[in-house]
2 protein chains.
Amino acid sequence: MDKKYTIKDIAKMAGVSKGTVDRVLHNRGKVSPTALDKINEVLNVIDYEPNLIARNLKNTKVYRICVLLPDPEIDPYWLPCVNGIQEAITEFKAYGVIIETHYFNPESTKSFLHTNETIIKKSPDAVLIAPLFHKETLGIVKQYDELNIMVNTFNNQIEGESIKSFVGQDLNKSGRVAASLMNLIITEGQIAIIHIDESLKNAVHMQEKEKGFRNYFDEKKIPGFPITTLKLKHPNVESKFSTFLEENPNLKGIFITTSKAYQIASILAPLKNKKIAIIGYDLVEKNVNFLNQGLVHFLIHQNQKRQAYLGVSTLVEHFLFRKDIPETILLPIDIINVENASFYVS
Amino acid sequence: MDKKYTIKDIAKMAGVSKGTVDRVLHNRGKVSPTALDKINEVLNVIDYEPNLIARNLKNTKVYRICVLLPDPEIDPYWLPCVNGIQEAITEFKAYGVIIETHYFNPESTKSFLHTNETIIKKSPDAVLIAPLFHKETLGIVKQYDELNIMVNTFNNQIEGESIKSFVGQDLNKSGRVAASLMNLIITEGQIAIIHIDESLKNAVHMQEKEKGFRNYFDEKKIPGFPITTLKLKHPNVESKFSTFLEENPNLKGIFITTSKAYQIASILAPLKNKKIAIIGYDLVEKNVNFLNQGLVHFLIHQNQKRQAYLGVSTLVEHFLFRKDIPETILLPIDIINVENASFYVS
DNA sequence: ACAAAAAATGTGCTCGAACACACTTAAACA
DNA sequence: TGTTTAAGTGTGTTCGAGCACATTTTTTGT
């Protein structure tokens, strides 16, 4: 009953050769109705599952997957992705899968396009892209499509029918989650939504989070929370924010839409008389430090590592095990405070 | 450079036969120092990784893994585990791994022991156990050890040097997480820790959570929160809790250590004048309903599904890919509120 | 009715690791 | 030096799916 049936078993049971069974299983035609019936009869009784190991052994093809993401040296936000990709490399090396990482400068569309050129020259079987630039991505994806190179995207959700799959988070919802937490920490007072980013290329990302945050308060019709948006950019973060602080003495909560919450926290740290709630993103070391100090109240975990890992692993499993690539994988919006943080940092 | 080297490649490069290479790779001896040197020289230059697919193909052994957990019909807490196990079954069926689930009555040590007998008769290669009964588990594990059957445990952490591996959550920490959230929701008032359980076999489980919860308030020396513990058991839950409510008009927060938060929420639902914060465990449907209604504020996700999945998958990967079985896997303590719940229910 | 074409079926090899077994070379001892 | 024993080395088969190709059977056309 538990037996693993092989093609040979089926052949024997149906009284035909394994070649015929193989033709039936793969609809390769050239099978007489008599033989088809006999084989189908057997197939209906037993529960045949092809041995994936044997199937893959024959396939000596080396799959090449290229990952395209911003240089973590320029924006450390992407650092966890490298770990996720490394995990996939280790896991699938033994199956003859080569995974290469290529970095581009997140500030430069030219760099993005150029790195894509490099990747195309490598003629990979699939690519995983962090599609920071909307227009350019659509063009590039079209090119990949023509070359029959499979494309998966992660982190930034790009609209467009040529984009077939995406791994990431629902940013709007994550903004809502932040809002719901803020609503819990403070009972009234002004709230600031702060976008801090060097590249400003994450505009859509940040706006989506802001929308979600504001929507929460709008929908619930919760009064007493005037919300202001602030855009800060290096190197004026400190000066601009300090002026803002002075001009808004009733500020009670800050929602930072990027992983730079620590920048704000470090400014607020010396001001002991201020009691301002901070909610930010990502478990980068500096953020976690402030979380432990009690200066940052909540962090939302975007789990870039898992995003990247899933991005490649779905591709690999598609090639190796013929699994479908899910259209969208939305990772959970993990709520992190000082008490559960340690379980998420990896 | 990307090439996948095979034993044949190494043999050719070292000028020996694949048999000799095989003996070197597996330290099977009977190799002359000359040949050993030549082969090692090649191995140092190239990066040989045996092809796992080919290795497993030869191994026609069918692995049998038995999972032992309480009957979900008696305690629906265990229902998600079944899904996790099912996932593992589907994933590993093609590799010749048979995973069987056996249920026992969580109220009866006799049933536990009896089911173990049944499992032993099946002579599996490994078992995954939900070790509800401390003493009995230790005895059983010893028996498995003698029979050379690998044992993994999940959900309940049992001390004992014969227990080699465990998948679960840090319950003390999860109590702390609950406390930190409670401390956020309410500013003062009485807090009740409620243990609701039919079987009462989860005593250790619940106590650990209570300890963590109390510790948090003790450590932080937060005043104004008298904490009372309440043990409720079917069928007296409603009556006993109602009396408690009347006797404690200043009750502001409730922490339920089991998945039965909905029982308390449903009692509080009609009492519109009461504003009591509820924190509970597990994303069972009824709990999520009350979460959506705003009656339950937070749920802590114990992720039984993943616990069970990881419990078996680590065993399977040990057999198939010779991976080590981690001593302890502590799953993150996911904080769930109404805004992010949808991403966790599966 | 018989050859040619078409359809159906079976055979045999491949993939890479693992191991049994056959074989060759070297050492040990009389 | 010849013979036994041990040490070292190579060959060949297995696992199951997949596919190319050889072979057999059936159909078609004259």
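Below, chain A is the first sequence line, B the second, and so on; all start at residue 1.
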Check: C:dT9 C1' sits how many Å from A:Ile10 CD1, rounded?
Finding: 17 Å
Item checked: B:Tyr5 and B:Tyr48: CA distance, side-chain angles, deciding distance, ring pair (Phe, Tyr, Trp, His ring centres under 6.0 Å) verdict -> CA-CA 6 Å; B:Tyr5 291 97; B:Tyr48 174 70; 8.3 Å; no
Next item on the list: Give a yes or no on whether A:Glu117 atom CD has more than 12 heavy-atom contacts from other residues, nucleotides or ligands under 6.0 Å away.
Entry: yes
Note to self: Check the phosphate of C:dG10 against A:Thr20, side-chain N and O only, distance under 4.0 Å to OP1 or OP2. Yes or no?
What the structure shows: yes
Notebook entry, point to check: Choosing from C:dG16, C:dA8, C:dT11, which nucleotide comes nearest the side chain of A:Ser17?
Noted result: C:dT11
Item checked: Whole angstrom value for the distance that separates C1' of D:dC15 from OH of A:Tyr5 -> 19 Å
Notebook entry, point to check: Quick one: is B:Thr6 getting a side-chain N or O under 4.0 Å of the C:dC15 phosphate, OP1 or OP2?
Noted result: no
Check: In whole angstrom, what separates B:Asn56's CG from C:dG16's C1'?
Finding: 12 Å
Next item on the list: Determine the interplanar angle of the A:Trp78 and A:Phe154 rings, folded into 0 to 90°, and report it as parallel if under 30°, tilted if 30 to 60°, perpendicular if over 60°.
Entry: perpendicular
Check: In whole Å, what is the span from the CD atom of B:Glu49 to the C1' atom of C:dG16?
Finding: 14 Å
Next item on the list: Would you tell me if any nitrogen or oxygen in the side chain of B:Ser32 comes within less than 4.0 Å of OP1 or OP2 on D:dG8?
Entry: no
Check: With respect to A:Asp125, which candidate in A:Lys61, A:Arg64, A:His318 satisfies the side-chain hydrogen bond (donor to acceptor under 3.5 Å, both in side chains) definition?
Finding: A:Lys61
Margin query: So does B:Pro332 get a backbone contact from the side chain of B:Gln169, meaning a donor-acceptor N/O pair under 3.5 Å?
Written below: yes
Checklist line | Heavy atoms of other groups near B:Asp324 CG, more than 12 under 6.0 Å | finding: no
Check: D:dG8, D:dA17, C:dG16: which one has an atom nearest the side-chain heavy atoms of A:Asn51?
Finding: D:dA17
Checklist line | Whichever of B:Pro33 and B:Ala54 has its nearest DNA chain D nucleotide further upstream toward 5' | finding: B:Pro33
Item checked: Distance, rounded to the nearest Å, where A:Lys30 contributes NZ and C:dG10 contributes C1' -> 15 Å
Note to self: Check the orientation of B:Tyr95 and A:Phe321. Use parallel for under 30°, tilted for 30 to 60°, and perpendicular for over 60°.
What the structure shows: perpendicular
Item checked: Euclidean distance, atom CD1 of residue B:Ile53 to atom P of C:dA17 [Å, nearest integer] -> 11 Å
Item checked: Euclidean distance, atom CG of residue A:Leu57 to atom C1' of D:dC15 [Å, nearest integer] -> 9 Å
Notebook entry, point to check: Taking protein heavy atoms under 4.0 Å as touching, what does nucleotides 18-27 of chain C look like 5' to 3' if B marks base contact, S marks sugar-phosphate-only contact and - marks none?
Noted result: BB--------
Next item on the list: Would you mind reading off the distance between A:Lys12 atom NZ and C:dG10 atom P, rounded to a whole angstrom?
Entry: 14 Å
